[in-house]
There are 2 protein chains.
Amino acid sequence: MTDFDGFFKSAFTVDNVIFGFDEGDLKALLIKRGEDPHQGMWALPGYFVDPQEDLDSAAVRVLEQLTGIKDVFLEQVHTFGAVDRHPFGRVITVAYCSLIKISDYTVQASSIAQKAKWHSVSRLKKLAFDHSEILESCLNRLKRLVRTRPVGFELLPPKFTLTELQHLYEAILETPLDKRNFRKKILSMNLLIDLDETQEGVAHRPARLYEFDQSKYEEFLADGFSFELKESKRKEKGNGEALSKGQLVKNTDKL
Amino acid sequence: MTDFDGFFKSAFTVDNVIFGFDEGDLKALLIKRGEDPHQGMWALPGYFVDPQEDLDSAAVRVLEQLTGIKDVFLEQVHTFGAVDRHPFGRVITVAYCSLIKISDYTVQASSIAQKAKWHSVSRLKKLAFDHSEILESCLNRLKRLVRTRPVGFELLPPKFTLTELQHLYEAILETPLDKRNFRKKILSMNLLIDLDETQEGVAHRPARLYEFDQSKYEEFLADGFSFELKESKRKEKGNGEALSKGQLVKNTDKL
DNA sequence: CTAATTAGTGTAAAAAGTACACTAGCCCTG
DNA sequence: CAGGGCTAGTGTACTTTTTACACTAATTAG
C-alpha cells in the first residue's frame, strides 16, 4: 500500500425504493426514522453496509430488518455521493429499487424504523437526507422501464382485471391510455391467463379476472422482446372518447 | 452518533469506461497500472475519491490525471462492491462511462498510469480487479443506449460518411444493418448536415461527408424522441443482399 | 479502357399504431 | 321488476412504420 492509500473513515449505505400499487395510486414504502440524524422524519428504508457484506446482500438484509419485507428482487439504480449528504461524515449510498404486490407482504417496522408505511408517491413531503432525490430517480427509472417491459404485473395482486392493469400503467406514466388499444396490446402479448372468473360484489358489470403467466414472461425476456408505451400524437379534441389516449405497443426488438 | 455508527476504514473509487471508435472497431481507453495492486496489468482509468470530493467530480478529475483527457461528459452506470474486489481493503467503485471521438483527444499517461492506450473492445484480455466485468456492464449499456438515441455521433470525427456511421452502429450492436433502410432512417431524423463535400483519395466512388447537427440533437432530446434499432426477423437466406439486415427505427415516444 | 470497389438510390407488401362509440351485464332504487 | 347508474367489453378503417430487396453511379488503379 502506498502512503496515501485513499482509505479513510467513511461509510456506505444502501437505500431501497419499494414501489407498490394500491387504491389506484403508486406508493412507496417509507420508514419513520427512530434515530439521528433526521430522527422522526420519513425516509427510505436504508442503512449501513457492513464491512464484510456485498452491496446487494446488504440491500436485502436492510430492507428486511427495517420493514420485515423479504424475498424481493432488488435492482441497483444509482449511487449518490454528495460530500455533505450525511451530517455525520462521508457516506455514499447505493439506491436499490423493487416492485412488489402490497397485498403479498405485511409491513413490520423494526430496528431504527419507528414506523413503516406506504405513501402515495404523488403526494410526498420532503424526506430525510437526499431521499427525495433518490426516490425521484427511481421513479424516473420505473417510468422508463414500464414502457420497455411488461413490468406492471409485479405490482398487482395475483388476480386482477384489465382495467386495474390499465390504471396501474396510467398511474405510473401519468397519462391516459386508450382502453381498446391497451387491451388489444396486452392480450396480444399472451402474458395473461384468463381465469374465467369475474369480480364479485361490485355494483356494476363484473370484470373478468386474469393472472400473470410467469413462464411466458420469462420467454418474453429471453426472446429479447419488449414493448413500448406511446402517448398519442393527436391534438386534444375535447369530445367523446378523445380523453382516452395512448397505446401499448409491442416490438420485436432483438438485441 | 450511535455506538456502532457504520463508519470504518474503507474507500471509494471511480472507474471510467471511455469508448471510442477507430479503424472500424469499438475501442476502450485503458491504462497500464504502475502501482500495486495489479501493477503492470491493464485496467480502467480509475482511482480513489477524495474525502471532500463528489463522485462525479472525482470521475472527471481522475480521468484527466491518468489519461490527460478532459472536458468529457461522464455518466454514472453502476456501482460494484464485492467484498473482495480490492486486495487492500473494502473498496467500492462507481463506474462511469463516456463516448468520445478518439481524434479529438491526445492521450497522455500520467500519475499511476504507466501507459494509456486504446484497446479494441472485441479482443480484450483479462483486466485488473473486476474491471472486465465493469467494462462489460458499460458495453451492455451502450448497446441499449444506441438503440434508443442517436448516440453514435459522439464517437465519430466531425465529418463522416453514412457508411462510417453505419459501420459504427454495426460494431456496437454486433449485427449487420440494411444500407438503404439505415440511410432512410438516419436521414429522416434530420440530425445530419450534408456538407456537400466528398471523400478524397479513395480508390472508389467517393462518399458524401456529413456532420452532426448539435442543435437538432438537443431538440430531439427535448422532444423526448428516441429511435430504435431492430434486427431483421427473417431467416437467413444466403443470397444477394440477404446479409444486410436490420433497420433503424424512429419512434415518437413521449414520456 | 477495363476492372475493381464502394456509394447511392426506390418501391411494394406487411405489420403496427391510432382514433373512435356503442352494447352488455350487474347492482341498486323506487 | 323496471329503469338508472355504472363499469366491462368489443371491432374497424385509416395511417404510419417497417421490412425486404438489386441495380446504377463514380472514382481509382492498372
Side-chain angles (χ1 to χ4, degrees), chain A residues 24 147 160-167 176-189 192 194 197-210 225-254, chain B residues 24 147 160-167 176-189 192 194 197-210 225-254:
Chain A
R147 295 160 156 282
F160 52 85
T161 71
L162 292 181
T163 302
E164 283 165 357
L165 185 60
Q166 183 178 340
H167 287 340
L177 300 171
D178 180 85
K179 182 159 69 161
R180 280 179 288 197
N181 294 336
F182 180 84
R183 283 161 185 251
K184 209 184 308 174
K185 247 1 185 178
I186 286 286
L187 291 174
S188 78
M189 290 192 297
L192 296 187
D194 184 340
E197 290 174 56
T198 52
Q199 285 178 306
E200 275 167 38
V202 286
H204 55 76
R205 173 174 177 179
R208 296 185 84 78
L209 293 170
Y210 291 83
F225 274 69
S226 70
F227 69 74
E228 259 182 277
L229 270 170
K230 300 191 179 183
E231 203 180 333
S232 166
K233 274 169 291 192
R234 286 265 201 105
K235 301 289 161 285
E236 287 288 342
K237 283 195 6 213
N239 61 342
E241 293 191 296
L243 277 179
S244 303
K245 296 193 179 165
Q247 317 298 133
L248 247 192
V249 181
K250 179 185 175 192
N251 290 323
T252 73
D253 184 11
K254 296 223 162 147
Chain B
R147 296 158 156 282
F160 51 85
T161 70
L162 292 181
T163 302
E164 284 165 355
L165 186 59
Q166 183 179 340
H167 287 339
L177 300 171
D178 179 86
K179 183 160 70 161
R180 279 179 290 198
N181 293 337
F182 180 84
R183 283 162 184 250
K184 208 183 310 173
K185 248 3 186 179
I186 286 286
L187 292 173
S188 77
M189 290 191 297
L192 296 187
D194 184 339
E197 290 174 57
T198 51
Q199 286 179 307
E200 274 168 38
V202 286
H204 54 76
R205 174 173 176 176
R208 296 185 84 77
L209 293 170
Y210 291 84
F225 274 68
S226 71
F227 71 75
E228 259 183 276
L229 270 171
K230 301 191 181 184
E231 203 181 331
S232 165
K233 276 169 292 194
R234 285 264 201 105
K235 301 288 161 287
E236 286 289 341
K237 281 188 17 207
N239 60 342
E241 293 193 296
L243 276 178
S244 304
K245 295 193 182 168
Q247 317 298 133
L248 248 190
V249 182
K250 180 185 174 192
N251 290 325
T252 72
D253 184 11
K254 293 225 162 146

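The structure presented is a predicted model; accordingly, all values stated were derived computationally and were not measured. Chain identifiers are assigned alphabetically (A, B, ...) following the order of the sequence lines, protein sequences preceding nucleic acid strands; residue numbering begins at 1 within each chain.
- Residue Met189(A) is tested with Ile186(A), Leu187(A), Leu192(A) for a side-chain contact (heavy atoms from CB on, under 4.5 Å); the sole match is Ile186(A).
- Protein atom CG of Leu162(A) is 9 Å distant from nucleotide atom P of dA8(D), rounded to whole Å.
- Rounded to an integer number of Å, the gap from Asn181(A) CG to dG11(D) P is 14 Å.
- We find that CZ of Phe182(A) is positioned 14 Å from P of dT10(D), with the value rounded to whole Å.
- Interface remark: the Arg183(A) side chain does not form any donor-acceptor pair with the dA8(D) base, using a distance-only criterion of under 3.5 Å.
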Anything under 3.5 Å between a donor and an acceptor, one on a side chain of residues 201-208 of chain A, the other on a protein residue two or more places apart or in another chain? List them.
{"from": "Arg208(A)", "atom 1": "NE", "to": "Asp194(A)", "atom 2": "OD1", "distance (Å)": "3.3"}
{"from": "Arg208(A)", "atom 1": "NE", "to": "Asp194(A)", "atom 2": "OD2", "distance (Å)": "2.9"}
{"from": "Arg208(A)", "atom 1": "NH2", "to": "Asp194(A)", "atom 2": "OD1", "distance (Å)": "3.4"}
{"from": "Arg208(A)", "atom 1": "NH2", "to": "Asp194(A)", "atom 2": "OD2", "distance (Å)": "3.3"}
{"from": "Arg208(A)", "atom 1": "NH2", "to": "Asp196(A)", "atom 2": "OD1", "distance (Å)": "2.8"}

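- Taking atom CZ on Arg180(A) and atom C1' on dT23(C), their separation rounds to 11 Å, with Å as the unit.
- Under the side chain to side chain contact (heavy atoms under 4.5 Å, CB included) criterion, Thr163(B) pairs with Thr161(B), His167(B), Arg183(B), sequence neighbours left out.
- Going from atom CD1 of Ile186(A) over to atom P of dT10(D) covers 15 Å, rounded to whole Å.
- Whole-Å rounding puts the Phe160(B) CZ to dA7(C) C1' distance at 16 Å.
- Residue Asp178(B) contributes atom CG, which lies 11 Å from atom C1' of dA22(D) at whole-angstrom precision.
- With hydrogens and angles ignored, no donor-acceptor pair under 3.5 angstrom links the side chain of Lys184(B) to the base of dT17(D).
- For dA8(D), one of the phosphate oxygens OP1 or OP2 lies less than 4.0 angstrom from a side-chain nitrogen or oxygen of Thr163(A).
- Nearest approach of Asn181(B) to Asp178(B), heavy atoms of both residues: N-OD2, 2.8 Å.
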Just the table, please: protein N/O against nucleotides 26-30 of chain D N/O, every pair under 3.5 Å.
{"from": "dA26(D)", "atom 1": "O4'", "to": "Arg205(B)", "atom 2": "NE", "distance (Å)": "3.4"}
{"from": "dA26(D)", "atom 1": "N3", "to": "Arg205(B)", "atom 2": "N", "distance (Å)": "3.2"}

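- Remark: P of dC26(C) and CZ of Arg208(A) are 11 Å apart, rounded to the nearest angstrom.
- Looking at Phe182(A) and Leu165(A), their side chains come closer than 4.5 Å, going by heavy atoms from C-beta outward.
- Closest contact between the side chain of Lys179(A) and the listed nucleotides dG9(D), dA21(C), dA19(C) involves dG9(D).
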